[in-house]
Trainee: 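Below are the C-alpha cells for one structure; questions will follow.
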Amino acid sequence: MPSRFSVSFLLLTAGAFGFPMYEMAPPISTVVVEINIPIFNPQVAMAELKSIKLKYVNAQDIIAGKNLVVLPDALSDPRLDALSDAALTDTTSNLSGFASSESTPASHQVNMSFIGMNAATQSATDPLTDEIVGNIDLQYYGPVGFGNETHPQQLSVIIDTGSADLWIPVSCGDCVNPQYEATASSTYTDTGNPFNVTYGSGNVGGTLAHDTISIGSLEIDKQYFGAVTHVSSDFNDDPISGLIGLGFSSIAASGEPTFFENLIVQDKVSAPFFSVYLTRGKASGSMITLGSYDVSKAIGPLTWVPVVSKTYWTVQFNGAVVEGQNVTADLQAAIDTGTTLIYVPQAVASSIYANIPGAGPAANYDSNFFSFPCNSNPTISFVLGGHDFGFSIQDFNLGQDGDGSKNCIGGIVGMDDTFMEGFAIIGDEFLKSWYSVYDYSHGARVGFASSVNNAQ
C-alpha cells in the first residue's frame with residue numbers, strides 16, 4: 001500500500017565522533033509525496049541470516065588470530081606506502097565536512113584522484129552486475145578470465161571482500177551455470193589437494209588448481225583457485241559461476257595469496273589498493289577498479305579508517321548515531337561486499353532501534369528483525385575509527401511488514417550476542433552510500449568517500 005509522508009532535503013557528510021552525519025536543510029515548503037513501499041521479502045533476508053552464521057562461524061577465532069595463514073612479506077613492505085601516496089594526488093574540492101583518519105598525513109585530507117599516466121597498463125576496471133530481487137540489491141558480480149589463451153574464458157563471479165578464495169566449477173556434475181573448460185588451457189594444473197569452503201551463500205567443494213587468471217589487462221600466472229566439483233543449491237539459484245575473495249589471504253582456505261595480493265607482490269598493479277562502487281537498484285553501472293581510484297564515482301574526499309585485523313577488512317566500530325543520539329559500542333566490523341545487509345550483536349541492534357520513535361521487534365519474525373514506522377525518515381550513522389558514516393534510508397528500509405502495514409522492516413539485523421560477541425558485519429546496504437577503497441599500505445586501511453548515488 002502507498003504511504004504518504006513529508007520529505008526534506010538530506011545532505012550527507014562525514015565528521016568526527018560525536019557530530020551528526022546528517023544536516024537537514026530547511027525546506028522552502030513541505031513536500032508531500034506518495035511512495036509505493038514494496039512488501040518485505042522474508043525469504044531473502046532469512047536465507048542470508050542463515051548463511052551468515054556459516055560464513056562467519058569461525059570469526060571469533062579469526063579475529064583472535066588463531067590458525068591464520070602467514071601473509072606474504074611483500075604486503076608489509078614500507079614501499080607500498082609510497083606507491084599508494086604517489087597514486088593518490090590532491091585535487092581541489094568545494095565540498096566540506098569530511099575528515100581523514102588521524103594516521104593519514106594532512107596533505108591527504110582533501111579530495112583524491114588517480115594519477116593516470118600508468119593507469120592504462122597497471123590498473124583495470126571490472127564492470128559489475130547488480131542482481132536485484134524485489135527492492136533488494138542482493139549481490140554484485142563481474143567477469144574474470146580463466147586460461148592463458150588469446151581469448152581466456154570469461155566467467156561471472158561474486159566480488160567478496162569477506163572471504164579470500166577464488167573458486168570456479170570444473171567438471172561439476174550438479175552445477176547449472178557456465179563452467180571452466182579447463183581442458184582447453186595448456187597451463188591448467190589440478191594439484192589434487194582437497195578444497196572446501198563455506199560462504200554466506202552456501203558451500204563448495206573440489207580440489208585446488210592453478211592457471212592464468214585475468215581481470216582486464218591484469219593477469220597472474222599460476223594463480224591458485226578452487227576447481228569445485230560440488231556446489232550447494234544456493235549457488236545454483238544465482239546467475240553466477242563462482243566467487244573471487246578479496247579479503248586478506250590470512251583466512252584463505254587454499255593457504256595461497258589472493259589474486260589482488262599477487263598483483264601487488266609481482267608489481268603488476270600501480271597502487272596497492274582496489275576501489276568498489278555499488279549502484280542502487282540498477283543492474284549495470286557498478287564496478288571494481290584494481291590499482292586505481294575513480295574520482296567520478298565519489299563526491300568529496302576520502303576518509304581513511306585503519307584496519308585493525310588483517311583477516312577480513314576489519315575496522316573499529318565505535319557505535320552509532322541515531323536521530324542525534326549516541327549508541328556506544330566496542331566492536332570490530334568486517335566491511336563485506338559479499339553480504340547484503342548489516343549485522344550487529346542483538347544488544348547493539350536493540351539500542352539502535354530504541355532511538356527510533358515507534359520502532360521495536362518485528363512481531364511477525366524472530367527476534368533478529370526490527371520494524372519502524374514506514375512514514376518516518378530516521379537518520380542513522382555508524383562511527384568507524386572515530387568518524388561518522390551515514391547511509392541512505394532507501395537501503396535501510398527493506399519493505400512493509402505485510403500488505404497495508406504501517407511498519408517497515410529495518411536493514412540492521414540483530415544476531416545472537418554469543419555468536420557476534422565483539423563483531424559486526426557491514427554489507428552492501430551501507431556500501432551503496434560510500435565509494436570504498438581497500439588499501440594494503442599504511443598498515444592497511446579502508447577509505448570511504450560519499451558515493452555519487454547520494455547526489456541522485
Trainee: Check this for me: does any side-chain nitrogen of one of Asp160 and Lys55 sit under 4.0 Å from a carboxylate oxygen of the other?
Mentor: yes

Trainee: Do Asn397 and Phe372 have side-chain heavy atoms sitting under 4.5 Å apart?
Mentor: yes

Trainee: Which word best sums up how the rings of Phe430 and Trp434 line up, parallel for under 30°, tilted for 30 to 60°, or perpendicular for over 60°?
Mentor: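 Judged by the thresholds at 30° and 60°, the geometry between Phe430 and Trp434 is parallel.
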
Trainee: How far does CG of Leu83 sit from CZ of Phe273, to the nearest 0.5 angstrom?
Mentor: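 The CG atom of Leu83 sits 10.0 Å away from the CZ atom of Phe273.
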
Trainee: Sequence neighbours left out, what pairs pass side-chain hydrogen bond (donor to acceptor under 3.5 Å, both in side chains) with at least one residue falling in residues 57-67?
Mentor: none

Trainee: Show every salt bridge (Lys or Arg N to Asp or Glu O under 4.0 Å) that has at least one partner inside residues 275-287, sequence neighbours left out.
Mentor: Arg280-Asp395

Trainee: Can you find a heavy atom in the side chain of Phe369 that is under 4.5 Å from one in the side chain of Asn364?
Mentor: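 No; the side chains remain at least 4.5 Å from each other.
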
Trainee: Just by modelled atom types, is the Ile412 backbone N or O under 3.5 Å from a matching donor or acceptor in the Tyr353 side chain?
Mentor: yes

Trainee: Donor-acceptor pair, distance only, cut-off 3.5 Å: does the side chain of Ser214 make one with the backbone of Gly216?
Mentor: no

Trainee: Is it true that a side-chain atom of Asn177 and a backbone atom of Ile240 form a donor plus acceptor pair closer than 3.5 Å?
Mentor: yes

Trainee: Between Tyr277 and Tyr140, does the ring centroid distance fall short of 6.0 Å?
Mentor: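 That pair fails the under 6.0 Å test.
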
Trainee: As an exercise, state the distance from OG1 of Thr279 to CG of Asp130, rounded to the nearest 0.5 Å.
Mentor: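 Answer rounded to 0.5 Å: 4.5 Å.
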
Trainee: Are Gln179 and Cys172 side-chain neighbours, meaning at least one heavy-atom pair lies under 4.5 Å?
Mentor: yes

Trainee: Side chain to side chain donor-acceptor pair (under 3.5 Å) between Asp126 and Tyr141: does it pass, once the steps are laid out?
Mentor: CA-CA 9 Å; Asp126 206 19; Tyr141 59 92; over 6 Å; no

Trainee: Are Thr212 and Glu219 close enough that a side-chain donor and a side-chain acceptor fall under 3.5 Å?
Mentor: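 On atom types as modelled, these side chains do not qualify, holding no pair under 3.5 Å.
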
Trainee: Any side-chain donor paired with an acceptor under 3.5 Å for Asp190 and Thr207?
Mentor: yes

Trainee: Say whether, by atom type as modelled, one donor and one acceptor occur between the side chain of Glu48 and the main chain of Leu341 under 3.5 angstrom.
Mentor: yes

Trainee: Does a side chain donor of either Asp330 or Gln316 reach within less than 3.5 Å of an acceptor in the other side chain?
Mentor: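 Indeed, the side chains of Asp330 and Gln316 share at least one donor-acceptor pair under 3.5 Å.
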
Trainee: On a heavy-atom basis, which atom in Thr337 and which in Leu431 lie closest, and how many Å separate them?
Mentor: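 Here Thr337 and Leu431 meet closest at CG2-CD1, 3.8 Å.
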
Trainee: Does Val144 form a side chain to side chain contact (heavy atoms under 4.5 Å, CB included) with Leu155? I'd like the steps, not just the answer.
Mentor: CA-CA 6 Å; Val144 171; Leu155 294 171; over 6 Å; no

Trainee: Show the nearest heavy-atom pair for residues Asn148 and Thr187, with the distance to one decimal.
Mentor: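 Between these two residues, the closest heavy atoms are ND2-CG2, 3.0 Å.
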
Trainee: Heavy-atom distance under 4.5 Å between the side chains of Ser309 and Gln332, does that happen here?
Mentor: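 The answer is yes, as the side chains (C-beta and beyond) meet within the 4.5 Å cut-off.
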
Trainee: Testing the basics here: between Ser163 and Leu243, what is the closest heavy-atom pair and its distance to 0.1 Å?
Mentor: OG-CD2, 3.5 Å

Trainee: With a 4.5 Å cut-off on side-chain heavy atoms, are Val170 and Thr229 touching?
Mentor: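 The answer is no, as the side chains (C-beta and beyond) never meet within the 4.5 Å cut-off.
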
Trainee: Of the non-hydrogen atoms in Ser392 and Ser433, which two are nearest, and what is the gap between them?
Mentor: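 That would be N-OG, 3.1 Å.
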
Trainee: State yes or no: are the ring centers of Phe274 and Tyr438 separated by less than 6.0 Å?
Mentor: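 So the answer is yes for these two rings.
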
Trainee: Between Ser84 and Asp439, is the side chain to side chain donor-acceptor pair (under 3.5 Å) condition met? List the steps.
Mentor: CA-CA 8 Å; Ser84 184; Asp439 190 359; 2.8 Å; yes

Trainee: Could you grab the distance from atom OG1 of Thr129 to atom CD1 of Ile158, nearest 0.5 Å is fine?
Mentor: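 The CD1 atom of Ile158 is 12.0 Å from OG1 of Thr129, to the nearest 0.5 Å.
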
Trainee: Can you say whether the rings of Phe396 and Phe391 are parallel (under 30°), tilted (30 to 60°) or perpendicular (over 60°)?
Mentor: perpendicular

Trainee: Between the side chains of Ser123 and Ser270, is a donor N or O closer than 3.5 angstrom to an acceptor N or O?
Mentor: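 The criterion, which ignores hydrogens and geometry beyond distance, is not satisfied for Ser270 and Ser123.
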
Trainee: Within the 4.5 Å heavy-atom criterion, are Phe225 and Ile213 side-chain neighbours or not?
Mentor: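 They are in contact (side-chain heavy atoms under 4.5 Å apart), so the answer is yes.
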
Trainee: Using atom types as modelled and distance alone, determine if a side-chain donor or acceptor of Thr314 lies under 3.5 Å from a backbone N or O of Tyr312.
Mentor: yes

Trainee: Would the Phe195 and Trp167 ring centres measure less than 6.0 Å apart?
Mentor: no

Trainee: Heavy atoms only: give me the nearest Ile52-Met415 pair and the separation to one decimal.
Mentor: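 Reported closest heavy-atom pair: CG2-CE, 3.9 Å.
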
Trainee: Can you sort out the partners of Asp77 under salt bridge (Lys or Arg N to Asp or Glu O under 4.0 Å), two or more places apart, ordered by chain and number?
Mentor: Arg79

Trainee: So, the side chain of Thr161 versus the backbone of Ile335: is there a donor-acceptor pair under 3.5 Å, distance only?
Mentor: yes

Trainee: Strictly distance-based, threshold 3.5 Å: is any side-chain N or O of Gln400 a donor or acceptor partner for the main-chain N or O of Cys408?
Mentor: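 Flag not set: sc Gln400 to bb Cys408 has no pair under 3.5 Å.
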
Trainee: Would you say the side chains of Asn368 and Tyr343 form a donor-acceptor pair under 3.5 Å?
Mentor: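 Judged by distance alone, the side chains do not pair up.
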
Trainee: Set out, in order, the CA-CA distance, both residues' side-chain angles and the distance that settles side chain to side chain donor-acceptor pair (under 3.5 Å) for Ser185 and Asp211, then state yes or no.
Mentor: CA-CA 8 Å; Ser185 174; Asp211 203 346; 2.8 Å; yes

Trainee: To the nearest 0.5 Å, how far apart are CG in Leu398 and CD1 in Ile39?
Mentor: 12.5 Å

Trainee: Pairs of donor and acceptor atoms involving the side chains of residues 247-263, under 3.5 Å and at least two apart or interchain, shall be tabulated with distances.
Mentor:
| residue | atom | partner | partner atom | Å |
| --- | --- | --- | --- | --- |
| Ser249 | OG | Glu261 | OE1 | 2.6 |
| Ser250 | OG | Lys310 | O | 2.6 |
| Ser254 | OG | Asp165 | OD1 | 3.1 |
| Ser254 | OG | Glu256 | N | 3.1 |
| Thr258 | OG1 | Glu261 | N | 3.1 |
| Glu261 | OE1 | Thr258 | N | 3.3 |
| Glu261 | OE2 | Ser249 | N | 3.0 |
| Glu261 | OE2 | Tyr440 | OH | 3.0 |
| Asn262 | ND2 | Gln223 | OE1 | 2.8 |

Trainee: Can you find a pair of side-chain heavy atoms, one from His442 and one from Asp85, that are under 4.5 Å apart?
Mentor: yes

Trainee: Is the ring centre of Tyr188 less than 6.0 Å from the ring centre of Phe146?
Mentor: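 No: the rings miss the under 6.0 Å criterion.
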
Trainee: List, one per line, each side-chain donor-acceptor pair under 3.5 Å for residues 417-425, sequence neighbours excluded.
Mentor:
| residue | atom | partner | partner atom | Å |
| --- | --- | --- | --- | --- |
| Asp417 | OD1 | Gln346 | N | 2.8 |
| Asp417 | OD1 | Ala347 | N | 3.1 |

Trainee: Using only heavy-atom distances, determine whether the side chains of Ser371 and Asp401 contain a donor-acceptor pair under 3.5 Å.
Mentor: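 There is no such pair (donor and acceptor under 3.5 Å, judged by atom type) between the side chains of Ser371 and Asp401.
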
Trainee: Is the shortest side-chain heavy-atom distance between Ile426 and Leu384 below 4.5 Å?
Mentor: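 Yes, side chains in contact.
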
Trainee: Which residues pass the side chain to side chain contact (heavy atoms under 4.5 Å, CB included) test with Lys222, sequence neighbours left out?
Mentor: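 If we apply the side chain to side chain contact (heavy atoms under 4.5 Å, CB included) test to Lys222, skipping adjacent residues, the hits are His210.
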
Trainee: Passes ring pair (Phe, Tyr, Trp, His ring centres under 6.0 Å), Phe382 versus Phe317? Steps please.
Mentor: CA-CA 7 Å; Phe382 292 149; Phe317 184 107; 5.2 Å; yes

Trainee: Roughly how far apart are Asn454 CG and Gln394 CD, rounded to 0.5 Å?
Mentor: 9.0 Å

Trainee: Rounded to the nearest 0.5 Å, what's the gap from OG1 on Thr340 to CD on Glu131? Could you check?
Mentor: 9.0 Å

Trainee: Pro143 and Gln154: which non-hydrogen atoms are nearest, and at how many Å?
Mentor: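 Residues Pro143 and Gln154, closest heavy atoms: CB-OE1, 3.6 Å.
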
